[in-house]
Peer 1: 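First the structure, then my questions, so here it is.
Indexing begins at 1, ligand by ligand and atom by atom, following the structure's order.
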Amino acid sequence: MIVIMQADATKEQIGEVEGALQEWGYEIHPIYGVERTVIAAVGAPTQDEARVAEQVESLPSVERAVLILKPYRFASKEFRPEKSQVKVGDVVIGDNSFVMMAGPCTVESEEQLMTAARAVKAGGATVLRGGAFKPSTSPYSFQGMGEDGLKLLAQAREETGLPIITEVMHVGNIDLVCKYADILQIGTRNMQNYDLLIEVGKVKKPVMLKRGMSAKIEEWLQAAEYIIKGGNDAVMLCERGVRTSETYTRNTLDLSAVLAVRELSHLPVIIDPSQGTGRSSMVPAMCKAAAAVGADGVLVEVHPNPEKALKDGAQSITIPAFEKLMPELRAVVEAVGRYM
Ligand code: E4P
Ligand code: PEP
């Protein structure tokens, strides 16, 4: 249940409502907003909840008590009607800006990463992507540079000032990845790794949760709920394409997911057109489509020499392609009333 307090509710009145909710057996999560206080009451009481909501509504200074019947609460629009924002240094994800997160799929060497980092910074990216721990279908394909890759990412941040987004693949590596990363990426293969979600819920770093390759929107939102419920509300979602019968593209990029998330949730949504299509030729147009549909940004793979990439070269755009894309994308972003 979400309890919305009247705008002029006093501290004492809010305290009384919180106490009453706890007596009914709820765990409470208040948000003391600028306008008003909203209290999320989690854990259904044994009595009929609709009746309890009526009683809560009769308490002085309560404006409304809303039952949330969805299997996710903190991630729901009922809990927070306005869009939430995730802040990473000076970068805000979820406001009126459109964020470009770009860089190599995988950190391969100092030269490769620094060349890409300098180029994406010069082109206007505000977050640097790069994988140090790589999930791979084949155990024989490149698995990433591990901590050495994280150190190179930190070096690139030092030089360019760009915050870093990088993937954490398992619970045992959270502390290590947190030492270097500004945003933790949970990959498609781990969207339903609930132990990992619970543990990143305890971390004080923004998390970007990719959609599972066969996940329904509601399953994705429930996965986000694990993280937020644990105490970390700096969560953004990333649509990266889903599996369909189509094989011409690597995945089917579901741009309608942005609209679905907007209808159901307050969480920002990023689009990954690289994984979403698997084809570098499609990435620029899909970035523009992401802006047109109202996404909060894109995650784009850029490589100084895609033919030589150790991973995902076919979906990585070149530096000249990135330089060409940025002004074109900015024009679309501005046409829909946003900025980058
Ligand atoms: C992302 O960069 C993944 O590591 C990569 O797409 C995995 O591809 P694979 O499953 O073909 O190894
Ligand atoms: C990635 O972006 O590096 C990645 C592994 O993507 P996904 O989890 O979407 O496959």
Peer 1: With distance as the sole criterion, is a donor-acceptor pair present between the side chains of S141 and K134 under 3.5 Å?
Peer 2: no
Peer 1: Please list, in number order, the atoms of ligand 1 under 4.0 Å from a heavy atom of R189.
Peer 2: 7 (C), 8 (O), 10 (O)
Peer 1: Which of the atoms in ligand 2, numbered in the order shown and given with their element, are less than 4.0 Å from a heavy-atom of K210?
Peer 2: 1 (C), 2 (O), 4 (C), 6 (O), 7 (P), 8 (O), 9 (O)
Peer 1: Provide, to 0.1 Å, the distance between atom 8 (O) of ligand 2 and the closest protein heavy atom, together with that atom's residue and name.
Peer 2: T188 N, 2.8 Å
Peer 1: Indicate yes or no: does R262 engage D296 in a salt bridge with an N to O separation below 4.0 Å.
Peer 2: yes
Peer 1: I need the contact type for R250 against ligand 1. Using non-hydrogen atoms and a strict under-4.0 Å cut-off, is it side chain, backbone, both or neither?
Peer 2: side chain
Peer 1: Between E301 and R129, is a salt bridge (Lys or Arg N to Asp or Glu O under 4.0 Å) present by the stated rule, with each step listed?
Peer 2: CA-CA 8 Å; E301 293 179 4; R129 69 146 290 148; 3.5 Å; yes
Peer 1: What is the closest protein heavy atom to atom 4 (C) of ligand 2, and at what distance does it sit?
Peer 2: Q275 NE2, 3.5 Å
Peer 1: With a 4.0 Å cut-off, would you call D312 and R250 a salt bridge?
Peer 2: yes
Peer 1: Does a salt bridge link E159 with R118, judged by any charged N lying under 4.0 Å from a carboxylate O?
Peer 2: yes
Peer 1: Looking at K210, Q185, R211, which one forms a side-chain hydrogen bond (donor to acceptor under 3.5 Å, both in side chains) with D272?
Peer 2: K210
Peer 1: Determine, stepwise, if the pair Q112 / S109 fulfils side chain to side chain donor-acceptor pair (under 3.5 Å).
Peer 2: CA-CA 5 Å; Q112 172 249 17; S109 67; 4.7 Å; no
Peer 1: Tell me which part of T137 gets within contact of ligand 1: side chain, backbone, both or neither, using heavy atoms under 4.0 Å.
Peer 2: both
Peer 1: Can you tell which of M101, R129, E167, M208 gets a heavy atom nearest to atom 2 (O) of ligand 2?
Peer 2: R129
Peer 1: If you measure every N or O of D312 against every N or O of ligand 1, does any of those distances drop under 3.5 Å?
Peer 2: yes
Peer 1: Could you tell me the residue and atom name of the protein heavy atom closest to atom 1 (C) of ligand 1, and the distance to it rounded to 0.1 Å?
Peer 2: Q275 NE2, 3.2 Å
Peer 1: Ligand 2 versus Q185, non-hydrogen atoms closer than 4.0 Å: side chain, backbone, both, neither?
Peer 2: side chain
Peer 1: Does E35, at its CD atom, have more than 12 non-hydrogen atoms belonging to other residues, nucleotides or ligands within less than 6.0 Å?
Peer 2: no
Peer 1: Ignoring hydrogens, just give me the one of R189, E301, R240 whose non-hydrogen atom is nearest atom 9 (O) of ligand 2.
Peer 2: R240
Peer 1: Does the Lys NZ or Arg CZ of R157 fall within the cation-pi geometry relative to Y180 - under 6.0 Å from the ring centre and within 45° of the axis?
Peer 2: no
Peer 1: Examine ligand 2 and decide if any of its atoms is less than 4.0 Å from a heavy atom belonging to P135.
Peer 2: yes
Peer 1: Nearest heavy atom to atom 2 (O) of ligand 1 wins, so pick from R129, K134, Q143.
Peer 2: K134
Peer 1: State the atoms of ligand 1, each with its element, that fall below the 4.0 Å cut-off from a heavy-atom position in C105.
Peer 2: 2 (O)
Peer 1: Near K134, which atoms of ligand 2 are under 4.0 Å from a heavy atom of that residue?
Peer 2: 1 (C), 3 (O)
Peer 1: Using salt bridge (Lys or Arg N to Asp or Glu O under 4.0 Å), reason through E108 and K308 one step at a time and then give a plain yes or no.
Peer 2: CA-CA 10 Å; E108 298 171 4; K308 295 258 165 69; over 6 Å; no
Peer 1: Indicate yes or no: does K202 engage E199 in a salt bridge with an N to O separation below 4.0 Å.
Peer 2: yes
Peer 1: Which atoms of ligand 2 have any heavy atom of G187 under 4.0 Å away?
Peer 2: 8 (O)
Peer 1: Considering only non-hydrogen protein atoms, determine which one is nearest to atom 3 (C) of ligand 1 and report residue, atom name and distance to 0.1 Å.
Peer 2: P135 O, 3.4 Å
